[in-house]
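Here is the structure we will look at, set down as structure tokens.
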Amino acid sequence: MLQVKDRTPRSGCRYFCSILFNDPFSANYEAGSRWVIRLHNVGDNLKISIRNALENDINEIMLIEQGSFHANIVESRDVFLDRIRIFPQGFLVLEIGNLVVGYICSELWEHSEDIPAGNFRLNHTITEVHRNDGTQLYISSLGILQEHRKKGYGKKLFSELEKRAIAECRISSMVLVVSVRWGAAIRIYEKHGFREIQRIKYFFDDSARSDAIVMRKQL
Ligand SMILES: CC(C)(COP(=O)(O)OP(=O)(O)OC[C@H]1O[C@@H](n2cnc3c(N)ncnc32)[C@H](O)[C@@H]1OP(=O)(O)O)[C@@H](O)C(=O)NCCC(=O)NCCS
């Protein structure tokens with residue numbers, strides 16, 4: 001995917017444009033969307049809001065996903081659509097004005113003390129593992145558009161999902177898997193009280209075959 005970088009708008013201009021081309025030869029190519037023009041509102045009084053994801057957010061979610069992870073570990077559009085359909089309360093997006101700049105998604109699992117490494121397989125379908133009465137929240141992914149990172153949005157989304165899951169679901173623990181290389185994510189999880197419980201060697205099929213850390217928080 002070739003991305004024409006966002007331009008800083010001239011003073012007095014409230015909108016600017018970014019054009020995203022979908023390369024048909026890329027692993028990230030999405031059929032039916034050859035290119036996308038996005039109009040960004042950059043005015044002063046933009047509202048930041050967090051809401052449940054909708055199916056028609058999928059193109060923006062996939063752009064964030066593709067900009068956040070190595071091509072070999074990007075999860076598929078269908079996997080994300082199933083997550084939105086099956087557990088919408090566990091799938092949040094953060095918007096600035098009307099632009100989706102971040103997402104976080106999750107599943108409800110039955111609690112088990114020792115979680116087999118296979119349960120964390122990327123691209124597993126939520127339909128295999130999600131139980132509406134599950135007591136363990138599995139946070140399956142989190143991403144923020146590159147140009148909006150380091151502004152506190154990742155923390156904000158994570159805190160909001162945690163708050164809603166505790167209020168709306170009968171969970172007793174939360175679990176997630178993170179690469180040893182994703183420092184910003186690890187920082188968010190540690191600050192929210194997550195602790196390492198397991199390491200999985202060479203879990204990620206990225207260029208470094210990175211290890212994964214499994215982290216859990218008991219409530
Ligand atoms: C992880 C991610 C969502 C964080 O989003 P963000 O909006 O940039 O994060 P925040 O601005 O809320 O910052 C979170 C914390 O990480 C710190 N941080 C930011 N970038 C960092 C980096 N590269 N290394 C270490 N810490 C970093 C911030 O200082 C902040 O810590 P603080 O609370 O002590 O100030 C974002 O970096 C991202 O999309 N990364 C790629 C995808 C990814 O790794 N997802 C995690 C999947 S498990």
Side-chain angles (χ1 to χ4, degrees), residues 1 3 5-6 18 20 28 38 40-42 46-54 57-71 73-75 79-80 83-84 87-108 120 122 126 136-169 171 173-197 203-204 206 208 210-217 219:
M1 185 174 67
Q3 176 163 1
K5 285 279 174 213
D6 297 343
S18 70
L20 300 142
N28 298 333
R38 288 212 239 133
H40 303 250
N41 184 337
V42 291
L46 288 178
K47 198 169 137 229
I48 295 171
S49 53
I50 294 181
R51 60 168 172 81
N52 291 123
L54 301 168
D57 295 320
I58 192 66
N59 287 339
E60 283 167 297
I61 290 168
M62 291 313 296
L63 286 173
I64 300 168
E65 171 77 3
Q66 288 157 4
S68 295
F69 299 104
H70 186 282
I73 61 174
V74 163
E75 294 185 289
V79 160
F80 278 97
R83 288 172 179 166
I84 296 173
F87 186 37
Q89 312 92 295
F91 201 139
L92 305 179
V93 292
L94 185 143
E95 279 184 316
I96 305 179
N98 58 6
L99 176 71
V100 173
V101 305
Y103 74 80
I104 187 165
C105 49
S106 63
E107 303 168 357
L108 283 175
F120 299 111
L122 298 179
I126 187 173
Q136 178 152 254
L137 188 80
Y138 169 61
I139 297 154
S140 45
S141 196
L142 164 67
I144 300 286
L145 268 187
Q146 197 129 24
E147 58 268 36
H148 290 281
R149 289 187 191 155
K150 298 190 180 175
K151 298 177 185 170
Y153 298 145
K155 260 185 296 195
K156 215 183 243 301
L157 258 179
F158 196 83
S159 301
E160 187 64 25
L161 178 70
E162 182 179 70
K163 191 177 91 189
R164 292 189 190 191
I166 291 171
E168 295 166 20
C169 312
I171 54 169
S173 65
M174 297 187 279
V175 69
L176 55 86
V177 67
V178 60
S179 163
V180 290
R181 293 171 173 269
W182 299 339
I186 292 171
R187 179 133 185 98
I188 294 175
Y189 307 150
E190 284 176 342
K191 282 190 112 174
H192 281 80
F194 281 69
R195 296 291 169 255
E196 175 172 345
I197 56 165
F203 177 82
F204 289 100
D206 55 10
S210 306
D211 295 348
I213 306 174
V214 180
M215 300 180 89
R216 177 184 272 151
K217 176 175 174 176
L219 298 172

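Keep in mind it's a predicted model, so treat the numbers as computed, not measured.
V175 and V214 get closest at one heavy-atom pair: CG2-CG1, 3.9 Å. Heavy atoms only, all atoms of each residue included: E107 and F87 are closest at CA-CD2, 3.9 Å. Contact record, S141 with E75: CB-OE1, 4.4 Å, taken as the closest heavy-atom pair. Residue I213 comes nearest to V180 through the heavy atom pair CG1-CG1, 3.7 Å, listed as atom of the first residue, atom of the second, then distance. Between L46 and G97, the closest heavy-atom pair is CD2-CA, 4.1 Å.
Side-chain atoms of Q136 and R216, non-hydrogen and from C-beta on, do get closer than 4.5 Å to each other. Within the 4.5 Å cutoff, the side chain of R181 has no heavy atoms near those of the H70 side chain. At a threshold of 4.5 Å between non-hydrogen side-chain atoms, the residues S140 and R83 count as touching. Y103 is not listed as a side-chain neighbour of L142, based on a closest heavy-atom distance of 4.5 Å or more. Taking 4.5 Å as the limit, every side-chain heavy atom of V101 sits out of range of all side-chain heavy atoms of E147. Looking at heavy atoms from C-beta onward, I144 lies out of side-chain contact with I64 at the 4.5 angstrom threshold.
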Check step by step if ring pair (Phe, Tyr, Trp, His ring centres under 6.0 Å) holds for W182 and F69. CA-CA 10 Å; W182 299 339; F69 299 104; 5.2 Å; yes
Mind running side chain to side chain contact (heavy atoms under 4.5 Å, CB included) on D211 and S179 for me, showing each step along the way? CA-CA 6 Å; D211 295 348; S179 163; over 6 Å; no
Given side-chain hydrogen bond (donor to acceptor under 3.5 Å, both in side chains), test Y138 with S106 step by step and report yes or no. CA-CA 5 Å; Y138 169 61; S106 63; over 6 Å; no
Do I197 and M215 pass the side chain to side chain contact (heavy atoms under 4.5 Å, CB included) test, and can you show the C-alpha distance, the side-chain angles, and the key distance before you say yes or no? CA-CA 6 Å; I197 56 165; M215 300 180 89; over 6 Å; no
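Annotation: side chain to side chain donor-acceptor pair (under 3.5 Å) contacts of R187 (sequence neighbours excluded): none. Partners of H192 according to the ring-ring contact (aromatic ring centres under 6.0 Å, His included) rule, which considers only residues two or more places apart in sequence or in another chain, are F158. Remark: R164 pairs with E160 by the side chain to side chain donor-acceptor pair (under 3.5 Å) rule, at least two apart or across chains. Applying the side chain to side chain contact (heavy atoms under 4.5 Å, CB included) rule to A212 yields the partners V177, I200, F203, F204; only residues at least two apart in sequence or on another chain are considered. The side chain to side chain contact (heavy atoms under 4.5 Å, CB included) check on A53 picks up D57, I61, I84, F91, V93, with sequence neighbours excluded. Scanning for side chain to side chain donor-acceptor pair (under 3.5 Å) contacts around K151 gives H148, with sequence neighbours left out. Taking the side chain to side chain donor-acceptor pair (under 3.5 Å) definition, one finds that N52 meets it with nothing, sequence neighbours left out. The side chain to side chain contact (heavy atoms under 4.5 Å, CB included) search around E95 returns S49, R51, V100, not counting sequence neighbours. Residues forming a salt bridge (Lys or Arg N to Asp or Glu O under 4.0 Å) with D206 (at least two apart in sequence, or on another chain): none. A search for side chain to side chain contact (heavy atoms under 4.5 Å, CB included) contacts involving R195 returns E190, not counting sequence neighbours. Scored by the salt bridge (Lys or Arg N to Asp or Glu O under 4.0 Å) test, K217 finds E162 as partners (sequence neighbours excluded).
The CG atom of L99 lies 11.5 Å from the CD1 atom of I48; values are rounded to the nearest 0.5 Å. With values rounded to the nearest 0.5 angstrom, F194 atom CZ is found 13.0 Å from I186 atom CD1. Remark: K163 NZ to L92 CG distance equals 10.5 Å, nearest 0.5 Å. Annotation: the span from L137 atom CG to C169 atom SG amounts to 7.0 Å, rounded to 0.5 Å. In this structure, CD1 in I50 is found 9.5 Å from CG in L161, a value given to the nearest 0.5 Å. Taken to the nearest 0.5 Å, the CD1 atom of I73 stands 6.5 Å off from the CG atom of L122.
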